[in-house]
Structure formats: structure tokens, C-alpha cells
Amino acid sequence: NILTAAYAAGFLNGLPPAREKALRDMTNNGNPLQSAFATLALARHGRIGSERIHQQLEQIPPNTDEKVTRFLLMSLAEVGNRRDLPLLATYLESAEPELANASAGAILAIQRRKDAGHAP
């Protein structure tokens, strides 16, 4: 399954160029769920920036599975910085508990990196 492969790619050691290209292609293929899974894999390898994740969040079609937003918020947990905190804060009061949890987790991850001197 393509979603499982994209998700698993985030846990593999290294990201060979061919796999990175495949994941980047998935982020632009028009399938929001595949795009979100690929984005998370790229974020886990530090190969995508928070600006791109913001764009993806803005482009989520109405009535899309909450997993799409959740995986993008999880991506911000991997690569986000203080500039992402206002956006993440907007999800803390979400009616979807999974989104509030993902946002809180991302805020915590950014704060931990900042405290360790690894985030602007």
C-alpha cells in the first residue's frame, strides 16, 4: 500500500535520492492523504520546510479526512520553529481531539528543540 510505504519511509535510516523524489512527487499528486504521509516522511528526514507545510495546510479541501491535517501538524513537530507557533495554537481548540493533540505535540517538540538550542 502506498500510504504504508510513505509512512514507513520516515522511519528508515537515510533517504536515498530516488525515495526522496518519490515522496516529493507524492506531495504534489493531488491526493491529500498521500501528500500528508509523504510530507511527514520528508519532515522526519529534515527534507521539507515548514513554509511548504503551511501551504499544504491552507490547500486542504473541505470535508477532508482529519488525518490529513493531523499528519501535517505532526510534520511541523519535526521541522517547525517559533514562527509556526501561532498557526499551531489555532488547532488547540479544535473540535477534533486528534488535531488538538497533534498541535500540542508539535508545540512541545518545537519548544524542546528551542530549549536544546536546535530551533530558531
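In this chain, numbering begins with 1 at the start of the sequence shown. No hydrogens, no waters, no symmetry mates; every other heavy atom, side chains included, goes into these values.
Leu40 and Leu12 fall into different hydrophobic clusters, where Ile, Leu, Val, Met, Phe, Trp and Tyr residues are linked whenever their side-chain heavy atoms come under 4.5 Å apart, directly or through other members. In the hydrophobic cluster analysis, where Ile, Leu, Val, Met, Phe, Trp and Tyr join through side-chain heavy atoms closer than 4.5 angstrom, Leu108 is grouped apart from Leu73.
At a threshold of 4.5 Å between non-hydrogen side-chain atoms, the residues Leu33 and Thr64 do not count as touching. In this structure, Pro32 and Ile60 have side chains that are not in contact, with every pair of non-hydrogen atoms separated by 4.5 Å or more. Counting heavy atoms from C-beta outward, Glu51 and His54 have side chains that stay 4.5 Å or more apart. At least one side-chain heavy atom of Gln56 sits under 4.5 Å from a side-chain heavy atom of Ile48. Side-chain contact between Asp84 and Ile53 is absent, with no heavy-atom pair separated by less than 4.5 Å.
Minimum heavy-atom separation, Ala109 to Ala77: CB-O, 3.5 Å. Taking every heavy atom of both residues into account, Ala41 and Ala6 meet most closely at CB-O, 3.2 Å. Closest non-hydrogen pair, Met74 versus Ala102, comes out as CG-CB, 4.3 Å. Between Ser94 and Ala100, the closest heavy-atom pair is CB-N, 4.3 Å. Heavy atoms only, all atoms of each residue included: Pro97 and Ala95 are closest at CD-O, 3.2 Å. Scanning all heavy atoms of the two residues, the minimum distance from Gly14 to His45 falls at O-CE1, 3.2 Å.
Here Tyr91 contributes atom OH and Leu72 contributes atom CG; the two are 8.0 Å apart, rounded to the nearest 0.5 Å. The distance from the CZ atom of Arg70 to the CD atom of Glu98 is 5.0 Å, given to the nearest 0.5 Å. How far CZ of Phe37 is from CG of Leu23: 12.5 Å, rounded to the nearest 0.5 Å. Atom CZ of Phe71 and atom CG of Asp65 lie 9.5 Å apart (nearest 0.5 Å). The distance from atom CG of Leu85 to atom CG of Asn81, rounded to the nearest 0.5 Å, is 7.5 Å. Atom OG1 of Thr39 sits about 9.5 Å away from atom CZ of Arg24, to the nearest 0.5 Å.
Distance alone, capped at 3.5 Å, places no donor-acceptor pair between the Ser35 side chain and the Asn31 backbone. Side-chain N or O atoms of Arg113 include one that pairs as donor or acceptor with a backbone N or O of Gly80 at under 3.5 Å. Without hydrogens or angle criteria, Ser103 side chain to Leu88 main chain gives a donor-acceptor distance under 3.5 Å.
Atom CG of Asn63 sits in a sparse spot, with 12 or fewer heavy atoms from other residues, nucleotides or ligands closer than 6.0 Å.
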Can you list the steps and then say if Thr27 with Arg52 is a side-chain contact (heavy atoms from CB on, under 4.5 Å)? CA-CA 10 Å; Thr27 67; Arg52 175 67 178 122; 4.2 Å; yes
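Counting only residues at least two apart or on different chains, the salt bridge (charged side-chain N to carboxylate O under 4.0 Å, His left out) pairs with a member in residues 31-49 are Glu20-Arg47, Arg44-Glu78. The salt bridge (charged side-chain N to carboxylate O under 4.0 Å, His left out) pairs that include a residue from residues 101-111 number zero, where partners must be two or more places apart or lie in different chains.
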